[in-house]
Amino acid sequence: MSEALGIADLAREFDVTTRTVRFYEDKGLLAPAREGQRRIYSARDRVRLRLIMRGKRLGLSLDEIASLLDLYDVDPSEVTQLTHFVGVIRDRKSVLQGQKCDIEESLAEMDRLEAQCVKLLSEKQTTS
DNA sequence: CTTCTGACA
DNA sequence: TGTCAGAA
């Protein structure tokens, strides 16, 4: 009858420290109920933390996750939420595409430099 | 012993 | 995000 989850339980459940849980709260991502000073986490808070973790895995910023979470409450139809999410995903994909492009350029240049160095090296060895 | 807030050699 | 302090 006293299944009120404390911050330690929640932290353990998601493999994060209690500091992290409070940090997310400061950022506005979580708003647990209070029993005096103690934070009490409901099933709904756990769902939110689950979404936060997923967002982190996708590389979203805490601000992006926060706006997503806000929409989740404000819009029951979830239309606004999903629309926004699509936008966030596109932005994320855009930066990833950009980084991929940069990496490919670096790799290509390094291939050229490597070949050049190896060639120079072989010349010096055959000459001396 | 656990949680809370605030601060940072 | 870690960590440490002082209080509850």
Side-chain angles (χ1 to χ4, degrees):
Chain A
M1 298 179 196
S2 53
E3 35 58 61
L5 291 180
I7 191 170
D9 304 304
L10 193 71
R12 206 176 321 119
E13 189 178 328
F14 290 90
D15 284 297
V16 294
T17 63
T18 57
R19 173 68 173 93
T20 299
V21 176
R22 297 193 188 97
F23 181 73
Y24 291 160
E25 182 178 337
D26 288 333
K27 292 301 177 184
L29 282 66
L30 290 175
R34 294 278 186 159
E35 185 179 272
Q37 283 290 287
R38 278 75 173 78
R39 273 169 259 248
I40 301 302
Y41 297 88
S42 64
R44 183 238 194 194
D45 292 316
R46 290 157 75 186
V47 169
R48 290 179 66 100
L49 184 49
R50 195 167 288 138
L51 292 176
I52 292 170
M53 299 307 280
R54 185 189 51 152
K56 263 194 8 180
R57 274 175 257 152
L58 295 179
L60 306 188
S61 69
L62 291 184
D63 286 333
E64 292 176 314
I65 296 175
S67 59
L68 245 24
L69 254 29
D70 288 343
L71 294 176
Y72 187 79
D73 310 313
V74 182
D75 179 31
S77 73
E78 288 188 2
V79 173
T80 307
Q81 212 242 347
L82 291 173
T83 298
H84 193 108
F85 191 36
V86 169
V88 171
I89 288 177
R90 286 179 178 162
D91 288 344
R92 180 59 182 161
K93 285 175 66 178
S94 178
V95 319
L96 251 27
Q97 289 290 349
Q99 298 183 333
K100 181 181 178 183
C101 185
D102 291 340
I103 290 175
E104 287 173 337
E105 280 180 27
S106 292
L107 247 28
E109 184 172 355
M110 291 179 95
D111 279 344
R112 293 196 290 277
L113 291 174
E114 180 182 19
Q116 212 171 88
C117 291
V118 170
K119 179 182 179 182
L120 249 39
L121 216 44
S122 65
E123 288 178 356
K124 288 181 180 302
Q125 298 186 320
T126 54
T127 297
S128 58

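Every chain is numbered from 1, with letters handed out A, B, ... down the list of sequences.
- In terms of hydrophobic clustering, with Ile, Leu, Val, Met, Phe, Trp and Tyr side chains grouped at heavy-atom distances under 4.5 Å, A:L10 and A:M53 are assigned to a common cluster.
- Residues A:Y41 and A:D9 form no side-chain contact, since every pair of their non-hydrogen atoms from C-beta on lies 4.5 Å or further apart.
- A donor-acceptor pair shorter than 3.5 Å can be found between the side chains of A:T20 and A:T17.
- Every stem involving DNA chain B, taken as at least 3 paired positions in a row under the Watson-Crick or G-U wobble test at 3.5 Å, is listed here: B:2-8 with C:2-8.
- Taking A:R46 as the reference, A:E13 meet the side chain to side chain donor-acceptor pair (under 3.5 Å) condition, with sequence neighbours excluded.
- Nearest approach of A:L58 to A:R92, heavy atoms of both residues: O-NE, 2.9 Å.
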- With B for base contact, S for sugar-phosphate-only contact and - for none (protein heavy atoms under 4.0 Å), nucleotides 2-9 of chain B reads BBSB-B--

- Task: Apply side chain to side chain donor-acceptor pair (under 3.5 Å) to A:S42 and A:D45, showing your working.
- Result: CA-CA 5 Å; A:S42 64; A:D45 292 316; 3.2 Å; yes

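- With a 4.5 Å cut-off on side-chain heavy atoms, A:L96 and A:K93 do not count as touching.
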